[in-house]
Amino acid sequence: MSRYWSAVVHQLKPYVPGEQPKLANLIKLNTNENPYPPSPQVLAAIQAELGDDASRLRLYPDPGATGLRATLARQHGLQPAQVFVGNGSDEVLAHIFLALLKHEDAAGQPRPLLFPDVTYSFYPTYCLLYGVTARTLALDEQLGLHLDDYIAQADAGAVIFPNPNAPTGRGVPLADVERLLLARPDMVVVVDEAYVDFGAESAATLVDRFPNLVVVHTFSKSRSLAGMRVGYALAQVPLIEALERVKDSFNSYPLDRLALAAAQAAVEDEAYFEQTRQAVMRSRDWLGTELTKLGFEVLPSQANFVFARHPQHSGAALQQVLREHAIIVRHFRQPERIAPYLRITIGTDAECQALVQALVAALKGSL
Ligand SMILES: *Cc1c(COP(=O)(O)O)cnc(C)c1O
């Protein structure tokens, strides 16, 4: 604390990302990165952008990200003007909160933003940063999300949820998203599809039909580029214009030259994308089966992680014993209803096997 702080800073509750340990030889299954390297085309594109002497780095990148937006538009069957790119989808989400999620009724009362009680913990952080009024709705006993609950909140102005949800891994069907959009044309609906490539249905196909829909994607998970920081939003042109206005009031060049080149090459290598995402999904299904054999309850996952608990052992104790085996997984103490669970990122086959072996040993010795 300092008397030099602006008032807003006192209210902030910053997001706490999963640990990025400095130790080598750890098996890192805690932040949902892809276990496979990016496409070899990504390395080639970065090298081409650097050239022999990196002299292009003297020059600012394209502030409109023209090439990348055209490539993404083609991939999704949309127009480049329906695509907004940012420095990771976290930045894209931040601009969405400021530009599209803060609404009032005619009497000046806030129309709250709805999101699940168990979800991506950056949402409440952005609410405090931008003064957006939030209302959380409880997931069901199996941590399932029911969009009918959201339709029923007559005074709400907007809704955001990940599909599949984080950290549960459970998805909602596209038909439910469509029902929400049809029932509530007065609300902005943001679908955060960070994990959609691992088996859920994307709402990107609905963008042309619904003027209130925003779909957010990231290169950090299915494209193996968390270190490059690239994310994007798909929506109709007036919503994208709002995001551009915020971006150009904040940072004209959120994506650097290497990130633009890398992201474009990653999208263009469809075969590699297909191969790696299938490998992750196969490992997820194998890991789910093995954990179930060990007595874990594993939620059905459509993401690159599983959310699991053991009836005899606390989440904290399991996390600790895995750490002693040099395996890092994510455990959330809050909210309390998810404290029994571990969120385990899908690693390579060898990493998944090492995890299972460590758990077998730990459960045999009863931790
Ligand atoms: C990982 C994640 C993001 C952020 O991704 P970046 O593009 O790396 O900023 C956004 N939403 C959810 C639900 C995520 O899990």
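Whatever order the structure lists them in is the order used to number ligands and atoms, beginning at 1.
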Where's the contact between [X] and ligand 1, heavy-atom distance under 4.0 Å: side chain, backbone, both or neither?
X    : answer
R229 : side chain
Y195 : side chain
S89  : both

Item to check | Any G231 heavy atom less than 4.0 Å from ligand 1 | outcome: no

Item to check | ligand 1 contacted by N32 (non-hydrogen, < 4.0 Å) | outcome: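 The answer is no: ligand 1 sits nowhere under 4.0 Å from a heavy atom of N32.
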
Checklist entry - Looking just at side-chain N and O atoms, do Q353 and Q357 make a donor-acceptor pair shorter than 3.5 Å? => result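 Looking only at side-chain atoms, Q357 and Q353 do not form any donor-acceptor pair under 3.5 Å.
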
Next on the checklist: Hydrogens and angles aside, do T218 and K221 bring a side-chain donor and acceptor to less than 3.5 Å of each other?
Outcome noted: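 No pair is found: no donor N or O on one side chain lies under 3.5 Å from an acceptor on the other.
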
Item to check | Sole candidate of L43, L225, I46 that passes side chain to side chain contact (heavy atoms under 4.5 Å, CB included) when paired with P38 | outcome: L225

Checklist entry - Taking the six-membered ring for Trp, is the centroid-to-centroid distance between F97 and Y130 below 6.0 Å? => result no

Next on the checklist: Tell me which one of D105, D186, T133 satisfies side-chain hydrogen bond (donor to acceptor under 3.5 Å, both in side chains) with R111.
Outcome noted: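 The single option meeting the side-chain hydrogen bond (donor to acceptor under 3.5 Å, both in side chains) with R111 is D186.
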
Checklist entry - Out of D90, N165, D192, which one pairs with Y120 under the side-chain hydrogen bond (donor to acceptor under 3.5 Å, both in side chains) rule? => result D90

Proximal atoms of ligand 1 relative to [X] (non-hydrogen, under 4.0 Å):
X    : result
A194 : 2 (C), 11 (N), 12 (C), 14 (C)
S220 : 6 (P), 7 (O), 8 (O)
T218 : 5 (O), 6 (P), 7 (O), 8 (O)
G88  : 7 (O), 9 (O)

Checklist entry - Which residue owns the protein heavy atom closest to atom 11 (N) of ligand 1, what's the atom, and how far is it? => result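 For this ligand atom, the closest protein heavy atom is D192 OD2, 2.7 Å.
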
Item to check | Distance from atom 2 (C) of ligand 1 to nearest protein heavy atom, with residue and atom | outcome: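 Among all protein heavy atoms, the one nearest atom 2 (C) of ligand 1 is K221 NZ, 2.4 Å.
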
Item to check | Criterion side chain to side chain contact (heavy atoms under 4.5 Å, CB included) on L243 and K247, from CA distance to verdict | outcome: CA-CA 6 Å; L243 299 178; K247 172 218 159 218; over 6 Å; no

Next on the checklist: Does any part of the side chain of V189, heavy atoms only, come nearer than 4.5 Å to the side chain of Y150, both counted from C-beta?
Outcome noted: no

